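Computed from a predicted model, the values in this text were never measured in an experiment. Note that ligands are numbered from 1 as they come in the structure, with each ligand's atoms numbered from 1 the same way.
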Amino acid sequence: MQEILGYYDKEIVLLSIMVAIIGSYLALDICQHIMRSRREMKRIWLGVGATTMGLSIWSMHFIGMTAFEVGLPVHYNWWMTFLSIIPAIGSSYIAFYILDKEIAGRIPTLSSSFFMGIGITSMHYLGMKAMTIPGVSMEYHIGYVFLSLMVAVVVSFIALLLFKVVQSKQFVFYKGLSALLMGGGIASMHYIGMKSVRFYIEEGAQLSTEVTGNKVFLILSVSLIMSLVLSAVILLSRVENRSTMHLAYYDLLTGLPNRLHFLMKYEELLKKARNKQHKIVCILFDVDHFKWVNDSFGYKAGDKVLSQLGEAIMAFDNPNLTIARLDGNRFGVLVRKDVSYSQLWHMLEDIQEKIKGMTFSYEQFQFKTTLSIGASMKVFDPDCEDDLFSEAEQALHYAKEIGRNTIQIYSSSVHSNERGRYLLSELRQAASREQFTLRYQPKVTATTSEVNKVEALIRWNHPSLGSISPGEFIPLAEKNGLIVSITEWVMRTAIHQMKVWEESGIPIDRVSINVSAIHFQYGNVYKMVHDLVGEYNMAPSKVELEITETSVMKNIDEAVNTLDHLRKLGIRIALDDFGTGLSSLNYLQRLPIDTLKIDKSFVDDLVHDQKQQSIVSTIISLAQHLGMEVTVEGVEHADQADLLHSYSCDYIQGYYYFKPLFPEEVEEACLLHRKILS
Ligand code: C2E
Ligand code: CA
Ligand code: CA
């Protein structure tokens, strides 16, 4: 047997190296997608990347084979040829999979390059097995086989390492360099692998100088496959870009545009409005007490509420609006149309009413919620530098401060931060300037319509700003440490008034005083009341403190202790606004309370809502069984009062009977009732 030496067609060799390099570049490019993508896309990219890498190794091999001439016709076993693609794709898959994990964990790329090397080599030798040359036998030189494997592993290692280092950067240069190395590595492995084979011609076989095999066919089919892969990669990239764009500009939970999208639209609109002197409107919605839903029922419940809310707000969508979820429980709307103040107000009222009427459900729980709304509208001219968004934020902040479920359209005299600062400086001196007064809202005894109990409600009359709602200044006082002195002023004035009534024979036998949560938790309420009832020689039972659940939530044991102390002194305790917070029945059982005040929100829908009727009547009877008196507040209509009478609640408070009154008006109301009775 005589050894024959083959020779290479240089152009085809070059082509094979090019295929290896381009394929590697494509595969490494895909690799970057693998690293960046989310789970489902990751798997797809991993598959495409491995296929591309595998195909390039495979194509390189067969193009490389066509470059080789031994002077005899070469036959390929097509099954084996196609089978040889499996180790190439499989090991590329494993290598990329490991590489992806390695980058996250920063482990060296040795194992991935090992798999890549094995893949390249096993493909090569399987590919060789697919080839037969009649009359020629092949022998392998083990040293070269080993060397080819080493080259494949080492070059893969260097290429992947380089790629790993620069993968986070978008440098085409480095990616190109890695591809050059990887492609070069595949090609050198192939040609070293070819060196390991010796061809021996059997006796009688004839060498020929004719071109053997269908080179054109092979090269064309390999090129076709590579083009198909390239198209698939481009297509997938497009799809992913779209989904990345969607992720970047849309909120996953509600499907609405997100904050980034909203701000972009806002800037766009602002530019147009400035040029054309248009009006634009920015509206912000906050879901009231959302934290409570999250805290009590978990984030899933919160998410459910938000997605249902998103759908409800979307129902208002039209081409003139951009509706977005900005973050957490905040939604934003931009209005491009020229709307009047009253049109805007009506639109906001519609939205607010719709949300108020909705019932959100999660598992067996059902919730109601309300919206706080802040809006700002303005005609812009090129010089106008006003920030509509931050104005809407200030209006929203204000809406929340004054008790939520409110609409505020920005006005600089009401909502700007300057007002906040000005109010605070004025608030510090309000008591000494005698700008505070108290109103007293009667609580009417349900059975007899008697007027003998009142709630003291503070009023601030400012000489230039007019009457400022406690909903606005009480939170300000709470935040700035002024609440204790204000409460002291309220207690002193109310107890003094009680003394005056007592001495003039007006039968008011109880005054309720509101105590802020923050004051109850950190101020010494006990000492304050104790000293004042002592100073005025007032029967403690004539004083009731109204506290809310938030006062006791932080430390219920300590709260129970303070309440016990106060009650031992003879002071009565009322739990205010029941129904707006957690309204846990646990509190009713644990807290030493004399009166339960059912919040206005329970009363609003009472007449038309049978469920609400059952809830209110049940709470009334439950509280009474626990030895408490029940006051229902915010009663505005006769039919509400009639229903509450039928539930035998103890006291009714609300505009239907009386608004908060001046002391003289209380006296009149009291005496009028006496006259009617006698
Ligand atoms: P609150 O303690 O829940 O007081 C009831 C509020 O509802 C009062 O508003 C009262 O005027 C109003 N109201 C009563 N009946 C009706 C009705 O039928 N319909 C409607 N729509 N409203 C009704 P006001 O006086 O503006 O007080 C608001 C809140 O400010 C009070 O809510 C209380 O939390 C706080 N506040 C008022 N005075 C004081 C005070 O002296 N100290 C403290 N810490 N907070 C106070
Ligand atoms: Ca109250
Ligand atoms: Ca209340």
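Between Arg459 and ligand 1 there is a heavy-atom distance shorter than 4.0 Å. Heavy atoms of Lys600 come nearer than 4.0 angstrom to ligand 1 in at least one pair. A heavy-atom separation below 4.0 Å is found between Glu633 and ligand 1.
The protein non-hydrogen atom at the shortest distance from atom 18 (O) of ligand 1 is Tyr655 N, 2.8 Å. Atom 39 (C) of ligand 1 has its closest protein heavy atom at Ile458 CG2, 3.7 Å. The single protein non-hydrogen atom nearest to atom 11 (O) of ligand 1 is Pro660 CG, 3.3 Å, given as residue, atom name and distance. Scanning the protein for heavy atoms near atom 41 (O) of ligand 1, the closest one is Val490 CG2, 3.5 Å. Protein heavy atom nearest atom 15 (N) of ligand 1, with residue, atom name and distance: Gln441 NE2, 3.0 Å. Nearest non-hydrogen protein atom to atom 31 (C) of ligand 1 is Leu457 CD2, 4.4 Å. Asp577 OD1, 3.3 Å is the protein heavy atom nearest to atom 3 (O) of ligand 1.
The closest non-hydrogen atom to atom 24 (P) of ligand 1, taken over Ala517, Ala574, Pro470, Gly634, comes from Pro470. In this structure, of Leu438, Asn514, Thr548, Thr487, the residue bringing a heavy atom nearest to atom 46 (C) of ligand 1 is Asn514.
Inspection of the environment of the Ca ion (ligand 2) yields the following protein N, O or S atoms under 3.0 Å: Glu455 OE2, Asn514 OD1, Glu546 OE1, Asp576 OD2.
Within the 6.0 Å centre-distance limit, the rings of His415 and Tyr398 are counted as a close aromatic pair. The aromatic ring centres of Phe365 and Phe297 sit less than 6.0 Å apart.
Residue Gly654 approaches ligand 1 through these ligand atoms, each under 4.0 Å from one of its heavy atoms: 15 (N), 18 (O). For ligand 1, the atoms sitting less than 4.0 Å from at least one non-hydrogen atom of Ser516 are 44 (N), numbered in the order shown with element in parentheses.
In this model, a donor atom of one side chain and an acceptor atom of the other lie less than 3.5 Å apart for Asp251 and Thr254.
A salt bridge between Arg419 and Glu472 is present, with a side-chain N of the basic residue lying under 4.0 Å from a carboxylate O of the acidic one.
For the atom pair CZ (Phe285) and CD1 (Ile373), the distance works out to 5.0 Å, reported to the nearest 0.5 Å.
Using a 4.0 Å cut-off between heavy atoms, Glu455 contacts ligand 1 through its side chain alone, with no backbone atom that close.
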